[in-house]
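So that the names make sense, note that chain A is the first sequence line, chain B the second, and so on, each numbered from 1.
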Protein chains: 2
Amino acid sequence: MTEHTVQTSKANSGAASGGHVASALSLAIHEHRLAPGTKLGEDDLGEIFGVSRTVIRAALQSLAHLQLVDIKRNRGAFVAQPSLREAREVFEARELLEPRTARMAADRATPDDIKMLRRHITDEHAAMSDGEQGKALHLSGLFHIEIARIADQSTIAAFIAALIARSSLIIALYWRRESALCESFAHHALVQAIADGDGANAEDLMRSHLVDLHSALDLRESTAPNRSLRDALRP
Amino acid sequence: MTEHTVQTSKANSGAASGGHVASALSLAIHEHRLAPGTKLGEDDLGEIFGVSRTVIRAALQSLAHLQLVDIKRNRGAFVAQPSLREAREVFEARELLEPRTARMAADRATPDDIKMLRRHITDEHAAMSDGEQGKALHLSGLFHIEIARIADQSTIAAFIAALIARSSLIIALYWRRESALCESFAHHALVQAIADGDGANAEDLMRSHLVDLHSALDLRESTAPNRSLRDALRP
DNA sequence: GGGCACAATATTGTATACAATCAAACCATG
DNA sequence: CATGGTTTGATTGTATACAATATTGTGCCC
């Protein structure tokens, strides 16, 4: 089963213990290349990344703590499938944290920060133009994390990063097609408010942006049938 | 070094993979029986808990994700020593999250919830009377987590639980003796507001309670010299 | 043909062995 | 005596072996 090159191979090529594996998996989830519910077998991942199950296991546990994967004892790890309730909670938490954070960012942003935010938006547009929706979604998330970083509150920033990671899963599950690319404009206006140092405006814009996102989801009991059906079929 | 009873011993007596170890360590940290900076050697812990380094490692990584322990590559795990900056951030985050959560709790609390909160206060008093300050501090933290649970927001509750865990370390490092047992009264008034369903009052009480806690810490650059000295001596 | 018990298989949980790395002790040298 | 490099010891990082558990396939009985 486990056939690495040799025991004493390069081994120590990557970064720190499984950090690389966790990053790669996280990116794949963010970009919607791994669908919610996907089984993440340890042997498979070990072969793919060329490391032993030990490091795979550490990476999966790390992702489980972010609630990006769900580890069931003696069953294995699966890409998480946030419930409707969890989806609501995540966006309520974001609506509680991010507006205030945006205000703080507006108070502290430097010209370099603004430049980086604008580049994020440009990259996002480019990805969208190239049809790489997954990458665009990931960049959109990074935009929010960047604002938290600018606010210089690393603790809150870590929380927001975790919420955005879960948001990616939620969007994969509950997004409804009708709503579309309003994103770009909201981000653009937000950057302008932050560049102007207008904290109150940034706070309001972030709040309404999140409400827009939230309302673009189908979070009624009746919806998300495909997932429920699968769940009814498999657990 | 590693001498367990026998390889095929009981092994599966506890709960899930290292969960017991993580809980025991977490409790010890909460109750100030493990001081910030304490080295947590894997072999030592393995012998203490009667499990292999594998499960110890998983527990330590779990605690590291909660920022209760700090894992330095090739150096080992240490009980975390939050910096002044981190301490400020933790309390700012709590002041952002908990008042709103207390309001939600007031809106949803049942008589059983109130009973449980009152019992927490009673237990806390009892522990304090017995001179078990560590246990009292732990129960004080559980009180806050219980409110988040009552608010029925498990995502935010998890964040608050993480913040309270770090608060325990912060109190261990930066508490100044002068301020004393105001806690009990604040908690008592808070329970009353929640029992009355007075969300606005609960929110205000929680906010001022947290501000009191925050101001009972010595968070100036000049303070916390013992820790800086140790750090200058040892890292 | 449907349903259940049992065996075979696959996958995870845990322990241990080995390799890499770091810290401190040590000795040589100026 | 201070200082620098080397070596020794201890500790962590990773891989693998073994044990426990769940899942799946098969055959028997009804």
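- For H65(A), the ring-ring contact (aromatic ring centres under 6.0 Å, His included) partners are H65(B), not counting sequence neighbours.
- In this structure, CZ of R73(B) is placed 9 Å from C1' of dA20(C), rounded to the nearest angstrom.
- The nearest heavy atom of DNA chain C to T54(A) and to G41(A) marks one nucleotide each, and the one closer to the 5' end goes with G41(A).
- In terms of modelled atom types and a separation under 3.5 Å, the side chain of T122(A) and the main chain of R118(A) share a donor-acceptor contact.
- In this entry the distance linking CG of N74(B) with P of dA24(C) reads 14 Å, nearest Å.
- Rounding to whole angstrom units, CG of residue L45(A) and P of dT11(C) are separated by 12 Å.
- Just one residue in the list E92(A), E86(A), R166(A) forms a side-chain hydrogen bond (donor to acceptor under 3.5 Å, both in side chains) with T155(B), and that residue is R166(A).
- The side chain of S52(B) places an N or O atom within less than 4.0 Å of a non-bridging phosphate oxygen (OP1 or OP2) of dA15(C).
- Applying the 4.0 Å criterion to OP1 and OP2 of dT23(D), one finds that R75(A) has a side-chain N or O inside that range.
- In this entry the distance linking CD1 of I56(B) with P of dT11(D) reads 15 Å, nearest Å.
- D44(B) has its CG atom 10 Å from the C1' atom of dT11(D), to the nearest Å.
- With sequence neighbours left out, the side chain to side chain contact (heavy atoms under 4.5 Å, CB included) criterion links L27(B) to E31(B), H138(B).
- If you take CZ of R53(A) and P of dT14(C), they are 11 Å apart, rounded to a whole angstrom.
- The distance between atom CD of E42(B) and atom P of dA17(C), rounded to the nearest whole Å, is 16 Å.
- A straight line from NE2 of H20(A) to C1' of dT14(D) spans 17 Å, rounded to a whole angstrom.
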